[in-house]
Amino acid sequence: MSTLLDTLNPEQRAAVTLPHESALILAGAGSGKTRVLTTRIAWLIQTGQVSPHGILAVTFTNKAAKEMLTRISAMLPPSTSLRAGANPRGMWVGTFHGLANRLLRTHWREAGLPQSFQILDSADQLSAIKRLMKALNVDTEKYEPKKLQWFINGNKEAGRRARDADAYDDYSMRLAELYEAYDAQCQREGVADFPELLLRSYELLYRNEPLRQHYQDRFKHILIDEFQDTNTLQYRWLKLFAGPHTVLFAVGDDDQSIYAFRGANTANMAEFEREFAHGNVIKLEQNYRSHGNILTAANTLISQNAHRLGKNLWTAEGEGEPIRVFEAYSDQDEASFVVDEAKALNREGVSFSDMALLYRSNAQSRVLEHALFSAGVAYRVYGGLRFFERQEIKHALAYLRLMTHPEDDGAFLRVVNFPARGIGARTLEQLADTAARSGSSLWQAACTGSGKVAGFAKLIEDIKQATTGLTLAETIDHAIEASGLADYYRADKDGADRLENLNELVNAATLFSEESEDNTLDAFLAHAALEAGEHQAGAGQDALQLMTVHAAKGLEFHTVFITGLEESLFPHEQSAHEENGLEEERRLMYVAITRARRRLYLTHAQSRMLHGQVRYGIPSRFLAELPEQVLLHLNRRAEPSYRSVSEPAPRATPANDTGYRVGQSVAHAKFGTGIIIDFEGRGADARVQVKFRDAGTKWLALAYAKLSPA
DNA sequence: GCCTTTTATTTTTTT
DNA sequence: AATAAAAGGC
């Protein structure tokens, strides 16, 4: 027992062994947050205060859930061991969405869903919305499908159905109407989008007293990780599980709240303190991860946010190395710098898997990947194009969905004519009419019809017949062949990759059957929707880790490269239009910095390929917000020293008599500093377009504007 | 009705 | 740059 607690500091120990009352743990980055959470679970079980059956632990990502299970089972004696994925002792550990799904699968009847209801991911949801708008003849110029999706999800995440939605003018009232129609369509087709999983299970427990009583009695302890990321609905969801005797243990860090864009509400922390913790708040401020300079940088940066609960991390470690700042000539130059440094570090003994290459948005990984590939450095990309979101996989999944749940019109439309079987727009219109008139699904209309459409229905039926009794993997394999998907991609000259991915899907199914206790097709389809990014080939190898800053939360590395530190990229220009957008970007930067244990690189490029053209950027304001004494500027030079061999020397700027060139930093008496992004005319007529750090982008006549090189 | 070419649009972050 | 929607030819 004591061994569990031996290595904890006093605050951590206090948190782990808190008596039987709810508490809020404010845990800074690297303060042992996950450790405290998992140790508390192990401690509760070992001291016999609760059986695993009575524990509910909620996380946000699948990665975190897996990590938690692994750590808990390592702390408990083998007899109590918990297989990853399965939970023989009945502990509930998972993401909000995963647990909501579990609840709805168990109580589908009470929740008013078909047993085989399907889950729509964001892309599925958007196409369902487009389909709806088309059927209702909505002007998609005036009402953009994306806007409607945003409206629906925003309302659901706030716990509001269409009738309660914020509607104050004609426009939003129309949106609310469409929201209602969308929900009706989903209900008709027996599908649920992500926020629906939560809202539906919330309503289930809210309305069904015996059921609520059952779960409130069952779960004695509820533990929540990353509490700052909960949205209004998730918080209310949690509260339904909490009976009068339930102990809630919430761990969070307001400085790491980076999901406001999907409804996360940091006010939940204050609310929780008032409603449950009653001043029972423990701060974990000792950081065990990073050296001093890295922490100083992080603290200084985050202190510039106005909205904070307040907290300052400290470390017992020394200052460590300075933070290295590198200004690259171009994005390619930046990439080769990173590759060179990573290789050098690797030679010094740091494994590639202990280095992370972070960026603000997924699109930035391309150039980096290219440089790594050319240099022969193994790397692994997290997120980005997710496996289960590839079109060939989506097609295959659509066939599988039709087999188990034929009312899924979205799946039907996706593959009814893919591969092509002579069923065109005209035919489908007629089919949709028939279906609408009889209030049935496209599938039912197809079955009663004749010709090619009926042939398609028969094809699905045949596949279903032929696969009864087969294993999950065999079923999927057969469906891929019989549907004609495999042949289609075999005939396609660019189809080799896609064929391979389809093969990989069969492998994923095999793996899933081995690991999961429920190996039905429905369970696999839910898994595909909920864990779209978890399946990635190439694990286990010593590879450099590439991911967005968002994806890096909760992880740590010996060395971290933060790339693309330019205005409008990081902070992202979109954030300027959002309320408190800049503060969220700063928290994001804070998260990025605090991922590093020993060494941190911050890089930015003068020019970058963006939207298909070269753009000139100015250094991110976040660089200026860091204390100069912890920084080491690796270069301050005009010429690139790092350039890949394949890349041609930078184009010489056309000779002109002005002494200025595109890409150059300049200072203006009134507008401050900026960078020249375009040039026009010569001599006395010469004008330059300058992107200023604070004053926006302006055209200036060189003869009048008093510019000076900066 | 199918398939290729052109045109437009888009790009934040995730369950 | 890359992809989706639209248009045009077969």
Side-chain angles (χ1 to χ4, degrees), chain A residues 58-65 94-101 119-127 130 134 140-141 144-146 150 153 156-157 192-199 226 229-231 233-234 257-264 331 358-367 370 382-386 388-389 391 417-430 451-452 492 526-534 547-554 564 568-578 581 584-585 587-589 591-592 608-615:
Chain A
V58 195
T59 64
F60 275 83
T61 64
N62 298 299
K63 215 190 286 176
T95 64
F96 277 104
H97 293 87
L99 295 170
N101 178 52
I119 300 169
L120 303 184
D121 67 17
S122 305
D124 294 335
Q125 184 189 29
L126 187 60
S127 67
K130 284 180 182 164
K134 201 165 189 177
T140 46
E141 300 274 293
E144 291 168 48
K146 279 231 174 98
W150 180 254
N153 289 349
K156 284 191 181 180
E157 275 156 5
D193 55 49
F194 283 142
E196 181 71 25
L197 292 176
L198 281 165
L199 185 52
E226 309 277 16
D229 287 332
T230 50
N231 62 37
L233 178 58
Q234 285 163 335
S257 161
I258 54 175
Y259 285 107
F261 71 93
R262 68 169 195 213
D331 47 354
L358 307 184
Y359 35 80
R360 176 64 179 80
S361 59
N362 281 307
Q364 288 164 250
S365 76
R366 231 185 178 74
V367 180
H370 182 79
Y382 291 82
L385 299 174
R386 293 144 163 264
F388 285 109
E389 287 169 5
Q391 61 147 322
N417 200 32
F418 192 95
R421 8 183 112 80
I423 303 172
R426 204 67 242 286
T427 316
L428 288 177
E429 235 167 72
Q430 287 165 355
K452 291 171 178 169
D492 186 0
H527 163 85
L530 291 170
E531 298 191 28
E534 292 307 294
M547 64 194 88
T548 63
V549 180
H550 281 90
K553 188 158 78 139
S568 85
L569 204 60
F570 198 176
H572 198 277
E573 59 185 338
Q574 208 71 25
S575 68
H577 314 138
E578 283 155 25
E584 174 139 324
E585 293 288 309
R587 288 193 294 269
L588 200 50
M589 182 67 184
V591 168
R608 179 179 300 277
M609 206 58 157
L610 217 64
H611 311 164
Q613 53 187 335
V614 179
R615 301 267 214 102

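If you're wondering where the values come from, they're calculated on a predicted model, not measured in any experiment.
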Does A/Ser122 contact B/dT15 through a side-chain donor or acceptor facing the base, at a distance under 3.5 Å?
yes
Exam field: side chain [X] to backbone [Y], donor-acceptor pair closer than 3.5 Å:
X        : Y        : result
A/Glu585 : A/His572 : yes
A/Glu584 : A/Ala260 : yes
A/Arg587 : A/Ser257 : yes

[X] [atom1] to [N] [atom2]: how many Å, rounded?
X        : N      : atom1 : atom2 : value
A/Phe96  : B/dT14 : CZ    : P     : 18 Å
A/Asp229 : B/dT14 : CG    : P     : 12 Å
A/Arg608 : C/dA1  : CZ    : C1'   : 15 Å
A/Arg615 : C/dA1  : CZ    : P     : 13 Å
A/Phe388 : B/dT15 : CZ    : P     : 14 Å
A/Tyr382 : B/dT15 : OH    : P     : 14 Å
A/Arg426 : B/dC2  : CZ    : C1'   : 16 Å
A/Asp331 : C/dA1  : CG    : C1'   : 12 Å

Would you indicate, yes or no, if B/dG1 has its OP1 or OP2 atom less than 4.0 angstrom from a side-chain nitrogen or oxygen of A/Thr427?
yes
Does any donor atom in the side chain of A/Asp229 or A/Gln234 lie under 3.5 Å from an acceptor atom in the other side chain?
no
Just checking, is any N or O donor in the side chain of A/Gln364 or A/Ser361 under 3.5 Å from an acceptor N or O on the other one?
yes
Please measure how far the P atom in B/dT11 lies from the corresponding atom in C/dA6, and state the result in whole Å.
16 Å
DNA chain B nearest-nucleotide lookup for A/Gly422 and A/Glu389: closer to the 5′ end is A/Gly422
Ring-plane angle category for A/Phe261 and A/His550, please: parallel below 30°, perpendicular beyond 60°, tilted otherwise.
perpendicular
Does A/Arg421, at its CZ atom, have more than 12 non-hydrogen atoms belonging to other residues, nucleotides or ligands within less than 6.0 Å?
yes
For A/Phe60, report the nucleic acid contact type (base, sugar-phosphate, nothing); a contact means any heavy atom under 4.0 Å.
sugar-phosphate
Could you check whether A/Asn417 gets within reach of a base, just the sugar-phosphate, or nothing at all, counting any heavy atom under 4.0 Å?
sugar-phosphate
Please list, for nucleotides 4-10 of chain C, all pairs of protein and nucleotide N/O atoms separated by less than 3.5 Å.
unit_1, atom_1, unit_2, atom_2, d
C/dA5, OP1, A/Lys130, NZ, 3.1

Base-paired stems in DNA chain B, each at least three Watson-Crick or G-U pairs under 3.5 Å:
B:1-10 with C:1-10
Which value, rounded to the nearest 0.5 Å, describes the distance between A/Leu233 atom CG and A/Leu199 atom CG?
5.5 Å
Kindly compute the distance separating CG (A/Asp121) from CG (A/Leu530), expressed to the nearest 0.5 Å.
10.0 Å
Tabulate protein N/O versus nucleotide N/O from nucleotides 9-13 of chain B, keeping only pairs under 3.5 Å, one per line.
unit_1, atom_1, unit_2, atom_2, d
B/dT11, OP2, A/Lys146, NZ, 3.2
B/dT12, O2, A/Arg360, NH1, 2.9
B/dT12, O2, A/Arg360, NH2, 2.0
B/dT12, O4, A/Glu578, OE2, 2.4
B/dT13, OP1, A/Asn362, N, 2.6
B/dT13, OP1, A/Asn362, ND2, 3.2
B/dT13, O4', A/Arg360, NH1, 3.4
B/dT13, O2, A/Arg360, NH2, 3.2
B/dT13, O2, A/His550, NE2, 3.4

A/Thr230 vs A/Phe60 side-chain heavy atoms within contact, under 4.5 Å:
yes
With a 4.5 Å cut-off on side-chain heavy atoms, are A/Arg615 and A/Met609 touching?
no
Does A/Arg262 pair with A/Glu157 as a salt bridge, N-O distance under 4.0 Å?
no
